[in-house]
Each structure stands twice: as C-alpha cells, then as structure tokens.
Amino acid sequence: MPSASCTPSRPYVRRSRRKGVNRVPVPPRANAGPAGSPAGAAAAAATTAAAAAGSGAVVLVSGGSSSSSGTPDPPVTTSGASIPGPGPNLIHHPPYDLRRKSPPHNDGGPSTSSSTSTVSCTSLHNMACSTSSNNSTSPTVFCSFDNAPLVSARKRPRRTQSVSSVERESQTNTVAAQYLLHDLPDEVILLVFSYLMEKDLCRVSQVCRRFRSIANDVELWKKLYQSLYEYDVPLFNTEVCRFEFENVSDCEHANPWKVSFQQLYRGVHVRQGYQDLKFDGRKVPFFNTIQAALDYADEKNSQLTTENGDGPLVFIHSGTYTGEFLVIDCDVSLIGAAPGNVAESVILDRESESTIMFVEGAKQAYLGHVTLKFSPDVGSTTPHHKHYALEIGENCSPTVDHCIIRSSSVVGSTVCVSGLGANPTIRHCDISDCENVGLYVTDYAQGLYEDNEISRNALAGIWVKNCASPIMRRNHIHHGRDVGVFTFDNGMGYFESCDIHNNRIAGFEVKAGANPTVVNCEIHHGQTGGIYVHENGLGQFLDNKIHSNNFAGVWITSNSNPTIRRNEIYDGQQGGVYIFGEGRGLIEHNDIHGNALAGIQIRTSSDPIVRHNVIHDGQHGGIYVHEKGRGLVEENEVHSNSLAGVWITTGSTPILRRNRIHSGKQVGVYFYDNGHGRLEDNEIFNHMYSGVQIRTGSNPIIRGNKIWGGQNGGVLVYNGGLGLLEQNEIFDNAMAGVWIKTESNPTLKLNKIFDGRDGGICVFSGGKGILESNDIFRNAQAGVLISTGSHPILRRNRIFDGQAAGVEITNTATATLEYNEIFNNRFGGLCLASGVHPLLKENRIFSNQDAIEKAVTDGQCLYKISSYTSFPMHDFYRCQTCNTTDRNAICVNCIKVCHAGHTVEFIRHDRFFCDCGAGTLNNQCQLQGEPTQDTDTLYDSAAPVGSHTLMVN
C-alpha cells in the first residue's frame, strides 16, 4: 500500500548557507528519488539523525535483513577496520575527496546572514516521511526535536500549519539539513548505508553528491556483492558467453564490485534453503533446484534477456546437486557461485544418463565454474556407452568454461560432442582422471577447445572421428594411460600450441584416413613414440617440437602419407622419423638432431619424400634406408652424425639428390649388402672415413657429385662392390680419390679425380673395374696405382700433372690400357714393376718429367725426390752386411756410395723409398745430408679403413 507523503506549500530556492564559501551545488530535490522510495526513507533517516545530533536526541536505526542472518554487518574501511558508530567523542576524518569540508559554524542555530541557505520544511519533511511502497521492512528512524514526543517519522500525521509554525519548523529543519548534508561525519552515514540493500543504496545515492560519493564505497559494495554471489573477486560479463574474474587491483573500474553487481543482477540463483527467504531492497529469485531455476528462466525469458542478446543467467551456489537430468535447449547461462575455487564447490553428479546435455536451440548457452560428474552404479545393468558427464548434440553451440569434468564409467567418454552443427566452445576445463576417453568429437562435429587440462585418462585424452573437425588450442594433454590424441576414421581437426607429453602410447595417433593439422605443438616424453601415422593416415604436422620420446619421434607406416614440415625432432631415445611398412609422407624443412638412432629411417618398401631437412649431431647415422626402402631424399643438410651420414642397404633403392652430406664421424654415404639407388648432384665432404663406401654387392649410380675432404679417401669400393660412378668431381681427399679392392668391379666414367693428397685411383687386392674417359690430375701419388693381383681396364682416360707416376702397376697386378693419354707426370708416364705385363693398346704417353732417371744420373739418393705420399719406382736392393729386412729398401746410388764393399742383394724393380736416405738404418746416408726421421716403410699407400657402422649397429 502506498505510504502517505507530504508536499511543500511552495517551492524554495536552495542557496549557499555561508558567505564566501564555494560549495558543490546540491542537485534539485527532484533527483533525490520518488516519494515513498527507499531512497527517501534513507534520506529521512539521515535527516532525522542530523537533527537529533544537533539537539542531543538519541538516533535509533533499523534496517532490512541480510542474505544470511537478516542484518548486515557494519561496514569496514578499505584497511579492514570496522567503522565505529556515532558518539559524543567521535573524531571526524572524512575519507572522500569529492566532499569539501565547510568551515566551523555556530551550533547554536542557523546563521542570520542574508546569504544563509534555507530549505523547505515540507521538502525535508517529505524526505523524512517518504517510505517505500513495496518495502515493509525498510529502515525506520525515530527522532526527537526539542521536547517533542518520539514519533515514527514515516507515520507523522499531516496537518495544516500556520505561517509562523512553518517558519519555525523551516528554521529547525534548515539546521538539520545543514548538519546532514555537510557536517554529519562520513563514518556515521557510511554506517547507516551499511544497513541498506543494493536497490536502496542505489536510490539513496541519488539524493546528493555527498551521498552518491559515500554510497559508492568499495567496501560497501564488496560486502553486498559477496553476500549475494560469494565470489572472492569480481566476475565480469565482458561479452556474450564470456565471464571472467578480474582482480580488483588490475581492474580499470573505480568500483569493480558495483560494476560486476550491475552486470550480473539479472541472474536467478540456485541456493538450497534460500527459496522461501525474503529480502527487503533485493528482488532476486532463489530456487532449491537447477531445473526449477531453468523453468523460471524459460518462463521469464524476455524479461531476463539483455539488449545485447545475453540470455537468462542462473547462478548455482555451493553444494552437490544429484539426480537432475539437465537438458539445455535455449540460450541460458549457468554459472557456479562460491568462494575460493568455485568449480570445486559446485558439483553436478548423476548415476544414469548424461549429467548435462546441450541440444538444438542452445546457440549461445553457457556453463561455467562447476564440476560435472558421471558416476554410474557399477552394479547397474543399464549400458552407459552413450552416457557422458557432458553431452553436446546437433545444431547447438554452447560455451563450457572453467569446469571440472569427471567420469567413472569404463565405456564411452567423459565429454561427447556429436552431430552435424555441434559447435561448442570448451575452454579452461579440467577433463582428467576418467576411466575412459576424455574428450570425444565425432560425426561431423566441430567446436573450439582451448586451454583445457586433459590428463590421466584411462584411454585416449582426445578422440576425433568420422569427419569431425574441431579446433584445439593450447590444451595440456598428458600422462594418459593410452594415446594423447587419437584421430581416426576420417577425423580431421586443427591442433595448435598444445602440450602433449608422458602418454603411455604415442602422443598423437592418426589412422584410417584421418587428416588433422597439428601446428606449434610440443609432443614429448611419450612412453612409446611422439606421432604415429598408420593405416592410410594423413595429416599435416607443422612447426612442432617433438622430442625426448622413448621410441621414434614420428612413425609412418602402412600406406600413410602425412606431411611433416618445419618441426624440430630431437633427443629421441630411438630414431627421429621412422617410415616403414610401405609408408610414404613428405618430410621437409625439419631440424632433426640428437637422436639415439638414425635421424630418418626408411624401410620395407616405404617411399617418402625427404627434402630441405637438417639432420645432424645424431648419436647414430643421419638417414638409414634398408629392407627395400625407397624414397626421394633431396636438398637436405646431413652433418656431424656419429655414424654414416646416409646408409643404404638390403635391396634399397632411394634417390639422393642435391644434398650436402658432411662432417660425419665415419662415412658420408654407405652402400652395403646389396644397397642400390642413385646419388646425384650431392656435396659429400669432410668425413673421418671415405665420402662414399660401396660393398657387398651394392650397385648404386653415383653421378654428378662433389666428393672431397675425406680423411680416408673419396670413394671406397670393396668386398664385391659394384656401381657406376659418372661425372663426379672427386678431389682434395687425404687418401686416394677412388679405392677399388677385394673383387670389386665398379665403372668409372667421365669423372674428374684431382688434387688428392694420395693417389688418384688405387686398385688393389684383386680389384677390377672399368675406368673410362676420366680426367685424373694433380694427385700427390700415382694417377692410377694398380697392385696385388688386380686387373682393371683403363680406356680413353687423361692422366696428367701428377706428383708421381701417371700409371703404376706393381705386385703381380696387370691391366688393360687402351687409348689413354698420360703426360706431364713427375716420375714418368707408365711405371711397371718387375714381372708386370699389361695389355697396352694405342696409348699416348708423352712429355713426362722422368725425375727418377734424372736423380739416378745426378747420383742423388732417391729418398731426396720421395715424399710422405709419393714413392719413385726403380731398382731397389738390400744390404746383408747391414742386416736389412724385407721391410727395407736401398736405392741404387746409396748401394754404390753408402754401402760400397758391402754384401748387397737386388730385390726387384718397384715403387719404394730409400731407407738409407730416410735414416732408418744404422749407417748414415752420405748422399742425403741430414737424415730425415721417417719410419713409414710401406711400399703401397696405406689401406683404407672400412666403415665400423655394421659393428656399431
């Protein structure tokens, strides 16, 4: 029922009450709130309090109930101290900058100055007498002026007053108004305001600027806020379906509690035990069950929807809610409300069917800050494989935020997103410790899944199946008892910046036509592998870090064909990329290093494309192709690996093109056990062993390569090796440019073999081969050295500018030389040891330097013209008097001079250096001068070292 109100008999103009004092203008009375409103009641309370304080009367204030005990606690200051009530010894320290303190004045009565402010008695009386028409328990103030009886201000009877009485009451109320508006301490007003609810507090703030400033106190609104919402920090509704907590210290609002209060005030509350409670000054509906709140929100939908399109808002307060089967088919927001960790305090649990289901119509629905549990009875016979803690169906797009989601069902999954048009946003959720799959996206569903914690689930952390295509960003997927992410049966999806680690099987598995895109993820410490693509799996893996997995970083098998691009694959306890079982794939622009086995392994008829990768510093080899492996390996940088840069074996036929293979601790490219393939246009250099080794039936094509800097030669063909070496540049190797030994039979055509620090081509130990149309020049030893039972064919080669002989044949070897040009070599064109009878046909041997004959003619020791790597071919002897051994040789001039009169023995015509000149005999050489200490007495070049790769492997 509307309360009585008093109207003034005439308007009064409000003026400054003191001379020379500039005061903030007071808003017109019309802004103080409508008659009968709670604002008027509060103003009356403050007015009566001011008058009572001036006359020594007692002020009694009563307020509405709080949300818990019925009476709000007194307010506290920003420092946390309680604010004292009014008293005779109260010291006034106004805390508000907007209020300007007036100078002291005479408390005996109003000023008689002509500028004294006068306020209508009936105007202030209206403020004091007005009551709320719908608030029966609004604050009531009792006051006494002079000796007037104590009467309730709101029930003062109306009466006709004479002019003199109006003037008298006007003077009295002017004093009260002045005290109320200017001199009553802020702490007293703050104490009065602390008994008001939010609606009354907003209304009383419209009375004047001072009230507005005090009513905007942060602690007042914090206490009101926490009595209703319970949050420790303000929650802001920043946009549709987005609610975010923000610390007060980081907030841009002057009073964040009040702003949040205003944004959330349309909400309906589920708070057990509050449904039947009534709060004056607060119109907030409470319900005991979530379903009742949803029914109310559905009924009042138009009233609870904002202009921005935000639907009804339901707050679910602390407690465990069981037995409710919630089906959401409209745009409603459900938010947990509790102090501390909100989601842990608000629990929705169910034993059968799904705990909560979003269906068609829930386009902008929201669920946040709750715990969802699906806990089926283990003794129940009801199947649960299609029941979930959270289920999202076709044609809906809810947002699920900051939820804890659990399921103890051993079948199905914890979260299921299924069907065409299913497009939720799930972020900041914890889907962990479940006895099944964590998150299951299937049947053309999509959705955005961000910043979720998915861990310790019994099966896969995430399943994506049947053409589903979710977007997953910044999820933490770890310590699963199965695979981390499993995409299969044509599942797709975009996975970005996820941290996937410590899963029992692979971190990411792709199977059966699945085609995900995985970008900027870290996939590591898998108990088996990092990425496993099999059974026609596809996928794009871009810019990921894949490391520290127990098995291979990437597995590709059974006709799968993924793209692995710009990843860093390192520190695996086995290989980097393992392609087997007819696997394919595009492996490009990756940095692969530090793995315990090969950086890339290709086997069992697999045929990938491997290009533009850097494969380095492996504890094993760089690329290992075996068991009929194929593949195109091009433009890679393979270096600094502990074993071979590239292995090719057991019937494999890869193509290696335009790679840089260098600085290995063993061989550059190693063909063995029937390894084949093509090696084209590569740069192979600076290996501790040979640049290329070919053995045991291997028959590669090596064409157009540059092979240099090998510490054990350029190319070594041995143990029955074959191969075609064509148009290569082989130079600057520490030993021979090409070694052919032990029944090997390669073909060398159109190669340039030059600047070797040993011989050009060395054929020995039964080696064969066809050497045709090669340019062999500027080598430190013989251009071609043929030894120990070998029989190569040399045809149309040019052998020139060597530091030793052009062609040397020794140790019972023979050869066929046809149409060769041999010229400008230091020790002669063709040097044949004793007993050697090659087949010669139309060779041109001309313009050689014949340094040996010149040295013999000049009486020099032949050691004078030898070097560490070049030995002259001539007659050599032993001295029986000096007890020389089979390992010693003495040149003809030293026999004549240094060993004159000794018993000497002619051995044979062969390549050697003189031990007398080298100083290795007891007597000093008289032809050489100062002896040079050199104990290398081998007649032939040092034998090349075979790769230890097989032994290590």
Side-chain angles (χ1 to χ4, degrees), residues 237-244 264 266-270 287 289-316 321 324-337 343 346 348 350 353-374 386-405 407 413-429 431 439-450 452 468-471:
N237 187 186
T238 55
E239 57 186 72
V240 176
C241 291
R242 183 173 288 271
F243 296 83
E244 295 180 351
L264 306 180
R266 72 183 193 279
V268 177
H269 291 255
V270 180
F287 298 92
T289 66
I290 302 172
Q291 189 60 58
L294 291 174
D295 293 342
Y296 176 85
D298 186 52
E299 179 184 350
K300 304 287 186 180
N301 186 283
S302 59
Q303 301 176 26
L304 300 177
T305 301
T306 67
E307 295 178 356
N308 296 329
D310 293 322
L313 181 58
V314 177
F315 290 96
I316 308 172
Y321 300 84
E324 294 193 63
F325 178 44
L326 303 175
V327 179
I328 310 300
D329 60 357
C330 62
D331 295 340
V332 62
S333 297
L334 291 83
I335 308 177
V346 183
L348 281 63
R350 190 165 174 81
E353 301 180 297
S354 297
T355 306
I356 188 167
M357 180 187 299
F358 290 90
V359 297
E360 186 170 357
K363 291 293 185 182
Q364 293 183 340
Y366 177 90
L367 174 66
H369 300 282
V370 300
T371 293
L372 302 178
K373 286 186 177 181
F374 181 56
K386 291 188 177 180
H387 297 158
Y388 317 94
L390 172 62
E391 183 175 358
I392 299 171
E394 295 180 348
N395 299 315
C396 65
S397 52
T399 297
V400 182
D401 189 17
H402 285 97
C403 290
I404 300 172
I405 309 176
S407 173
S413 65
T414 304
V415 178
C416 178
V417 182
S418 174
L420 189 65
N423 191 19
T425 298
I426 298 179
R427 59 187 174 220
H428 302 111
C429 291
I431 308 171
L439 171 60
Y440 180 28
V441 188
T442 185
D443 295 341
Y444 297 91
Q446 296 178 324
L448 175 62
Y449 308 80
E450 294 182 323
N452 299 289
S469 185
I471 296 174

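All heavy atoms count here, side chains included; hydrogens, waters and symmetry mates do not. Since the structure is predicted, the reported quantities are computational estimates derived from the model, not experimental observations.
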**Complete:** Between G393 and A422 the two heavy atoms that sit nearest each other are O-CB, 3.2 Å

**Exercise: identify the closest heavy-atom pair between A293 and V314** = CB-CG1, 3.9 Å

Are any non-hydrogen side-chain atoms of [X] and [Y] less than 4.5 angstrom apart?
{"X": "H402", "Y": "H428", "result": "yes"}
{"X": "V268", "Y": "V270", "result": "no"}
{"X": "S354", "Y": "F374", "result": "no"}
{"X": "F243", "Y": "L313", "result": "yes"}
{"X": "F358", "Y": "L390", "result": "yes"}
{"X": "I471", "Y": "Q446", "result": "no"}
{"X": "P470", "Y": "V417", "result": "no"}
{"X": "V441", "Y": "Y449", "result": "yes"}

**Asked** In chain order, what residues pass the salt bridge (charged side-chain N to carboxylate O under 4.0 Å, His left out) check against R350, with sequence neighbours excluded?
**Response** E353

**Request:** Would you please name every residue forming a salt bridge (charged side-chain N to carboxylate O under 4.0 Å, His left out) with E299, sequence neighbours left out?
**Result:** none

**Asked** Quick one: which of C330, S397, P398 gives a side chain to side chain contact (heavy atoms under 4.5 Å, CB included) with K363?
**Response** S397

**Under 3.5 Å donor-acceptor, E324 side chain and Q291 backbone** = yes

**Prompt:** Should I392 and I426 be marked as a side chain to side chain contact (heavy atoms under 4.5 Å, CB included) after you check the CA-CA gap, both sets of side-chain angles, and the distance that decides it?
**Reply:** CA-CA 11 Å; I392 299 171; I426 298 179; 4.1 Å; yes

**Residue pair L372, V415: steps toward the side chain to side chain contact (heavy atoms under 4.5 Å, CB included) verdict** = CA-CA 10 Å; L372 302 178; V415 178; over 6 Å; no

**Asked** What do you reckon, is OH of Y444 surrounded by more than 12 foreign heavy atoms closer than 6.0 Å?
**Response** no

**Request:** Measure up the H269 and F315 rings against each other and bin them: parallel (under 30°), tilted (30 to 60°), perpendicular (over 60°).
**Result:** parallel

**Item:** Residues that Y440 engages under ring pair (Phe, Tyr, Trp, His ring centres under 6.0 Å), provided they are two or more places apart
**Value:** W463

